[in-house]
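Side chains are part of it too, since the values below use all heavy atoms of this structure and drop only hydrogens, waters and symmetry mates. Please read these numbers as outputs of a predicted model, since none were measured by experiment.
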Amino acid sequence: MEVDRNGLEVLGRDECLRLLSSANLGRIGFTASALPSVLPVAFHLDGERIMVRTGRGSQLDTGLQNTVVAFEVDEFDPIDHSGWSVSVTGLATEVDEAVVAISTELLSGRRTTTASLVLGR
């Protein structure tokens, strides 16, 4: 198991995709009117593409027109202080009138470990 300098387990691509497939709510970062914007979105993992519904003409729809975006999903259990986070940087492309697909070429993930909890990190 690879651990980063903060004591967090570094997740491989397959584990990141598995965790993405287990979630249905994430956050997407994109540019809107030349300013950064982050919005919560419902999503579905279709193979290795993140699928997001948009409303025609909405801020999200306008911001996801063939552009590079950031996408993040995480889960944290406050009882046992465990959790994970997966981040994606990918190209958003329109699949049909109300659905956008985000590629997952750049994918990274981290998970809390027993060591990181003991060290208070």
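For V95 against A101, the heavy-atom pair with the smallest separation is CG2-CB, 3.5 Å. Taking both residues in full, the closest heavy atoms of T67 and L64 are given as CG2-CA, 4.0 Å, listed atom of the first, atom of the second, then distance. The nearest pair of heavy atoms linking C16 to S108 is SG-C, 3.7 Å. Here the shortest heavy-atom pairing between L25 and V73 reads O-CG1, 3.9 Å.
Sorted pairs that involve residues 88-112 and meet ring-ring contact (aromatic ring centres under 6.0 Å, His included), not counting sequence neighbours, are lacking altogether. Evaluation of the ring-ring contact (aromatic ring centres under 6.0 Å, His included) test over residues 31-78, restricted to residues two or more places apart or in two chains, returns F43-F71.
With values rounded to the nearest 0.5 angstrom, L19 atom CG is found 10.0 Å from L107 atom CG. Between the OG1 atom of T89 and the CG atom of L91 there is a distance of 11.5 Å, given to the nearest 0.5 Å. Atom CD of E9 and atom OG1 of T112 lie 9.0 Å apart (nearest 0.5 Å). If you take CG on L17 and OG on S22, they are separated by 11.0 Å, rounding to the nearest 0.5 Å. Distance check: D96 CG to T54 OG1 gives 8.5 Å after rounding to the nearest 0.5 Å. One finds the CG atom of L11 at 10.0 Å from the CE atom of M1 (value rounded to the nearest 0.5 Å).
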Point to revise | side chain to side chain contact (heavy atoms under 4.5 Å, CB included) evaluation trace for V86 with E15 | key: CA-CA 9 Å; V86 173; E15 180 64 0; over 6 Å; no
Point to revise | V88 and I50: CA distance, side-chain angles, deciding distance, side chain to side chain contact (heavy atoms under 4.5 Å, CB included) verdict | key: CA-CA 10 Å; V88 176; I50 297 164; 4.0 Å; yes
Point to revise | Intermediate values then yes/no, side chain to side chain contact (heavy atoms under 4.5 Å, CB included), V69 and V100 | key: CA-CA 11 Å; V69 299; V100 171; over 6 Å; no
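One hydrophobic cluster, built from ILVMFWY side chains closer than 4.5 Å, cannot hold both L60 and M51; they sit in different ones.
A donor-acceptor distance shorter than 3.5 angstrom exists from the side chain of D80 to the backbone of S82, with no hydrogens or angles considered. Without hydrogens or angle criteria, T104 side chain to E48 main chain gives a donor-acceptor distance under 3.5 Å.
R53 meets the salt bridge (Lys or Arg N to Asp or Glu O under 4.0 Å) test with no other residue; sequence neighbours excluded.
Tested against S85 for a side chain to side chain donor-acceptor pair (under 3.5 Å), the candidates E72, E75, R110 yield a single pass: E72.
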